Undergrad: 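Got a structure for you, written out below as structure tokens; questions coming shortly.
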Amino acid sequence: SAVISQKPSRDICQRGTSLTIQCQVDSQVTMMFWYRQQPGQSLTLIATANQGSEATYESGFVIDKFPISRPNLTFSTLTVSNMSPEDSSIYLCSVTPNDRVYGYTFGSGTRLTVV
Amino acid sequence: QKEVEQDPGPLSVPEGAIVSLNCTYSNSAFQYFMWYRQYSRKGPELLMYTYSSGNKEDGRFTAQVDKSSKYISLFIRDSQPSDSATYLCAMSANFNKFYFGSGTKLNVKP
């Protein structure tokens, strides 16, 4: 299965600033996904990023707040903009490997604390 | 009502016990069902995948789906301390979007 490297693993940021999270996959994948995992809550899909097209955002998430780039088939970034303490969460990158049509492979996540 | 409900636990069992983890769901269109295991400070990893109803066994793990009751289960036999983790169920109707449970934290005591 695909191996995902996600950076940074954690960060503490000041409110009002932005953080860009990087996701690198060791193989080419069509679809990449960004999730948020808040304590005691289920994983929530933020957006789906396909190479060569605009990301598709889920209800409640907007591009101005969570801009996403997908420059090629192995890399994506998620930016959390104008952060507030409510953005404190774990952010996870995920892919559906091309050789396995079911399930996701997840990165280790970025633990973000906004102070 | 949430799409997927999962008891958060924590569930504490002695080593060697049989563990039963469960999720209920509301959308009858769900037909792809998965269980993920998440260790602390790690991303979820896929444990089991089941399509439609029925059982699937993989080593010490058995996944069951009862679509008539909208209920899925994961059984762990001969539980080990290394099984201590959070277990997440996930499901989808069409593979375009998955809905996750909030996870059940399991602690297997030596």
Side-chain angles (χ1 to χ4, degrees), chain A residues 1-11 21-25 30-50 55-61 78 89-113, chain B residues 1-11 21-27 30-52 56 58 61 63 65 72 74 85-106:
Chain A
S1 60
V3 176
I4 300 174
S5 173
Q6 192 173 334
K7 295 179 182 179
S9 59
R10 61 189 343 183
D11 208 341
I21 302 168
Q22 299 181 0
C23 179
Q24 178 74 53
V25 190
T30 304
M31 301 175 75
M32 297 180 76
F33 307 88
W34 289 97
Y35 280 85
R36 183 171 71 183
Q37 186 176 29
Q38 295 178 310
Q41 298 187 27
S42 58
L43 273 72
T44 303
L45 180 64
I46 297 171
T48 302
N50 292 328
T56 302
Y57 290 83
E58 295 297 308
S59 176
F61 298 95
L78 169 75
S89 187
I90 298 172
Y91 292 85
L92 291 155
C93 169
S94 175
V95 302
T96 301
N98 295 333
D99 63 346
R100 191 174 70 176
V101 297
Y102 57 88
Y104 294 134
T105 299
F106 286 88
S108 293
T110 297
R111 187 178 296 267
L112 171 63
T113 302
Chain B
Q1 183 184 9
K2 288 183 181 179
E3 296 273 3
V4 181
E5 298 278 0
Q6 186 175 8
D7 188 332
L11 181 62
L21 303 167
N22 311 293
C23 289
T24 59
Y25 62 95
S26 57
N27 189 343
F30 287 156
Q31 52 182 345
Y32 301 96
F33 303 92
M34 298 173 194
W35 285 95
Y36 285 84
R37 177 175 62 196
Q38 186 174 22
Y39 291 114
S40 180
R41 303 188 185 281
K42 298 289 186 182
E45 57 176 324
L46 182 65
L47 263 184
M48 299 284 287
Y49 160 74
T50 309
Y51 172 70
S52 194
K56 186 172 184 178
D58 184 1
F61 299 90
V65 175
I72 69 170
L74 177 70
T86 298
Y87 290 79
L88 301 152
C89 62
M91 49 198 79
S92 175
N94 53 18
F95 236 87
N96 288 336
K97 182 176 180 179
F98 278 84
Y99 296 85
F100 286 81
S102 55
T104 299
K105 188 170 185 178
L106 172 66

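Small disclaimer: the values here were computed from a predicted structure and weren't measured. Side-chain atoms are counted along with the backbone in the values below, which use heavy atoms only and exclude waters and symmetry mates. Labels below follow one simple rule: chain letters A, B, ... track the order of the sequence lines, proteins then strands, and each chain is numbered from 1.
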Undergrad: Mind checking whether B/Phe98 and A/Phe33 have ring centres under 6.0 Å apart?
TA: no

Undergrad: Using every non-hydrogen atom in the two residues, find where B/Gly101 and A/Ser42 come nearest and quote the distance to one decimal.
TA: O-CB, 3.3 Å

Undergrad: Checking heavy atoms, do the side chain of A/Gln37, its backbone, both or neither come under 4.5 Å from chain B?
TA: side chain

Undergrad: Please state whether the side chain, the backbone, both or neither of B/Pro44 comes within less than 4.5 Å of a heavy atom of chain A.
TA: both

Undergrad: Under 4.5 Å heavy-atom distance to chain B, tell me which part of A/Leu92 shows up: side chain, backbone, both or neither.
TA: side chain

Undergrad: Side chain, backbone, both or neither: which part of A/Gln6 has an atom under 4.5 Å from a heavy atom of chain B?
TA: neither

Undergrad: Among B/Lys105, B/Lys2, B/Arg41, B/Lys97, who wins on heavy-atom pairs under 4.5 Å with chain A?
TA: B/Arg41

Undergrad: Can you tell which part of B/Gln38 gets under 4.5 Å to a heavy atom of chain A, answering side chain, backbone, both or neither?
TA: side chain

